Amino acid sequence: MDIPRIFNISESAHRIHNPFTPEKLATLGAVLRLRPGTRVLDLGSGSGEMLCTWARDYGITGVGIDMSQLFTEQAKHRAQELAVADRVQFIHNDAAGYIAKEKVGVAACLGATWIGGGVAGTIELLVKSLLPGGIILIGEPYWLQLPSTEDIAKGCLAHSISDFLMLPDLVASFGDLGYDVVEMVLADQEGWDRYEAAKWLTMHRWLEANPNDDLAKEVREKLTLDPKRYAAYTRQYLGWGVFALMPR
Ligand code: SAH
């Protein structure tokens, strides 16, 4: 079981697989006022940077589930490196339907809400693992400006304009589901650049090392087209943020 190989190639050197910088991730941990010993569940935990740095900086414990074998291995390695391997656990698995055995103070899904079939379904899944008074974290894109055509949405690698909302509508949608938005930390263009542009050097080096790989043609095409596509579309049109929610 694994995610499509293109992601394991293009994001192999990423610690954070979303448009957050290390500073934004630390800010998010700080604004949540985490108490030492708080249990955190992370569905789609990637290379584990959130759980590992929060265990180091804020004394949380955590469980992360991710379908990428490579990212899960990197997460375990990072936990060793930061000397928090006794406090965080990483499981290589499909996180769909995952409910924590021991309920948690923070239940998160950052940049992987397809795990629950969309934002509403993911909130519904996460709340099943949540202690009373706990916080849900949802990391999700939103439109900075509404694309005027479907082609622009496709340039942002969305299937259609309806994939995402504008920020005010996204924030209001959490209220409609019965949740207070109690905090939010939003990515900026520097964070987007770090997330997207870091893939280009990784892909270039991968192509040098793997010229005859089955995926070489696809990676070549992506590397040729992505810088312009990103600069023209994603960078201009897409925002990304993490929203902290508590049931009303
Ligand atoms: N939250 C992490 C990773 C976000 S990228 C971070 O912010 O760094 C999306 C992640 O979801 C990838 O790591 C991918 O491997 C994982 N993923 C995709 N489908 C999944 C599934 N069904 N179950 C668990 N993880 C999944």
Side-chain angles (χ1 to χ4, degrees), residues 1-30 32 34 39-96 98 100 104 106-116 122 126 137-141 157 185 187 190-206 209-210 215 219 222 226 240-242:
M1 179 207 324
D2 216 315
I3 59 170
R5 199 171 154 233
I6 185 72
F7 300 110
N8 284 323
I9 293 170
S10 62
E11 298 189 27
S12 62
H14 284 55
R15 275 201 181 128
I16 302 173
H17 303 265
N18 70 51
F20 259 15
T21 56
E23 293 75 23
K24 292 275 181 185
L25 208 50
T27 297
L28 179 63
L32 295 177
L34 298 165
R39 269 196 307 281
V40 181
L41 172 69
D42 190 9
L43 302 188
S45 44
S47 299
E49 192 67 3
M50 181 177 85
L51 289 180
C52 290
T53 55
W54 287 6
R56 178 194 63 191
D57 299 339
Y58 307 118
I60 59 106
T61 67
V63 175
I65 296 111
D66 198 280
M67 206 153 92
S68 163
Q69 186 162 3
L70 174 70
F71 298 167
T72 306
E73 277 166 20
Q74 290 181 163
K76 289 177 182 171
H77 183 259
R78 186 71 172 146
Q80 299 278 351
E81 193 173 58
L82 297 188
V84 295
D86 56 336
R87 273 179 275 157
V88 293
Q89 185 194 358
F90 292 101
I91 301 167
H92 174 228
N93 211 339
D94 188 341
Y98 186 90
V104 300
V106 176
C109 181
L110 271 50
T113 50
W114 56 85
I115 285 172
T122 299
L126 290 172
L137 298 179
I138 293 286
E140 185 71 4
L157 304 183
V185 179
E190 170 60 19
W192 271 105
D193 293 349
R194 298 283 51 75
Y195 176 49
E196 293 292 337
K199 297 175 192 175
W200 309 336
L201 179 58
T202 304
M203 287 194 285
H204 187 96
R205 290 199 170 147
W206 183 89
N210 302 277
L215 232 58
V219 173
K222 195 168 161 53
D226 256 15
W240 195 85
V242 177

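Predicted model, so just to flag it, every value in this text is computed and none were measured.
Taking 4.5 Å as the limit, every side-chain heavy atom of T21 sits out of range of all side-chain heavy atoms of I16. Under the 4.5 Å side-chain criterion, counting only non-hydrogen atoms from C-beta, L126 is not in contact with V104. For the pair T202/E11, no side-chain contact is recorded, criterion being any heavy-atom separation below 4.5 Å from C-beta on. Proximity of F90 to D66: side-chain heavy atoms (C-beta onward) are nowhere separated by under 4.5 Å. I9 is listed as a side-chain neighbour of L215, based on a closest heavy-atom distance under 4.5 Å. Using a 4.5 Å heavy-atom threshold, the side chains of L137 and C109 count as separate. Taking 4.5 Å as the limit, some side-chain heavy atom of F20 sits within range of a side-chain heavy atom of L28. Two residues are said to be in side-chain contact when any heavy atoms from C-beta on lie closer than 4.5 Å; I65 and I115 fail this criterion.
From R205, atom CZ reaches atom OG of S12 across 11.0 Å, with rounding to the nearest 0.5 Å. Here the straight-line distance linking atom CG of D42 with atom CE of M50 works out to 3.5 Å at 0.5 Å rounding. Separating the CG atom in N93 from the CG atom in L43 is a distance of 11.0 Å, to the nearest 0.5 Å. Residue M67 holds its CE atom at 15.0 Å from CD1 of I91, rounded to the nearest 0.5 Å.
Listed here is the closest heavy atom pair of A187 and P19: CB-O, 3.3 Å. Nearest heavy-atom pair, S68 versus I3, reported as atom, atom and distance to 0.1 Å: CB-CD1, 3.7 Å. Summarising the geometry of V185 relative to K24, their closest heavy-atom pair is CG1-CD, 3.9 Å, with the distance given to 0.1 Å. The heavy-atom pair separating C52 from A75 by the smallest distance is SG-O, 3.9 Å. Shortest non-hydrogen contact noted between W240 and L110 is CZ2-C, 4.1 Å.
Remark: side-chain polar atoms of R56 are not paired, donor with acceptor, to backbone N or O of L82 under 3.5 angstrom. A distance-only check finds no donor-acceptor pair linking the side chain of S45 to the backbone of G48 [under 3.5 Å]. Side chain of H92 to main chain of M1: a donor-acceptor pair is present (N/O by atom type, distance under 3.5 Å, no hydrogens or angles). Looking only at distances, a side-chain donor or acceptor of T122 sits under 3.5 Å from a matching main-chain atom of G116.
A salt bridge does not link E23 to R194: none of the charged side-chain nitrogens sits closer than 4.0 Å to a carboxylate oxygen. Salt bridge status for E81 with R78: present, with a side-chain N to carboxylate O gap under 4.0 Å.
Between V40 and the options I60, T61, V63, a side chain to side chain contact (heavy atoms under 4.5 Å, CB included) holds for only I60. Screening R5, M203, E196 against S10 for a side chain to side chain contact (heavy atoms under 4.5 Å, CB included) leaves a single residue, M203.
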(request) Begin with the C-alpha distance, continue with both residues' side-chain angles, and end with the deciding distance and a verdict on side chain to side chain contact (heavy atoms under 4.5 Å, CB included) for F71 and N8. (result) CA-CA 8 Å; F71 298 167; N8 284 323; 3.8 Å; yes
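Between H14 and H17, the ring planes are parallel. Angles under 30° get that label, and only those over 60° would be called perpendicular.
With a 6.0 Å radius and a threshold of 12 heavy atoms from other residues, nucleotides or ligands, F7 has its CZ atom at or below the threshold.
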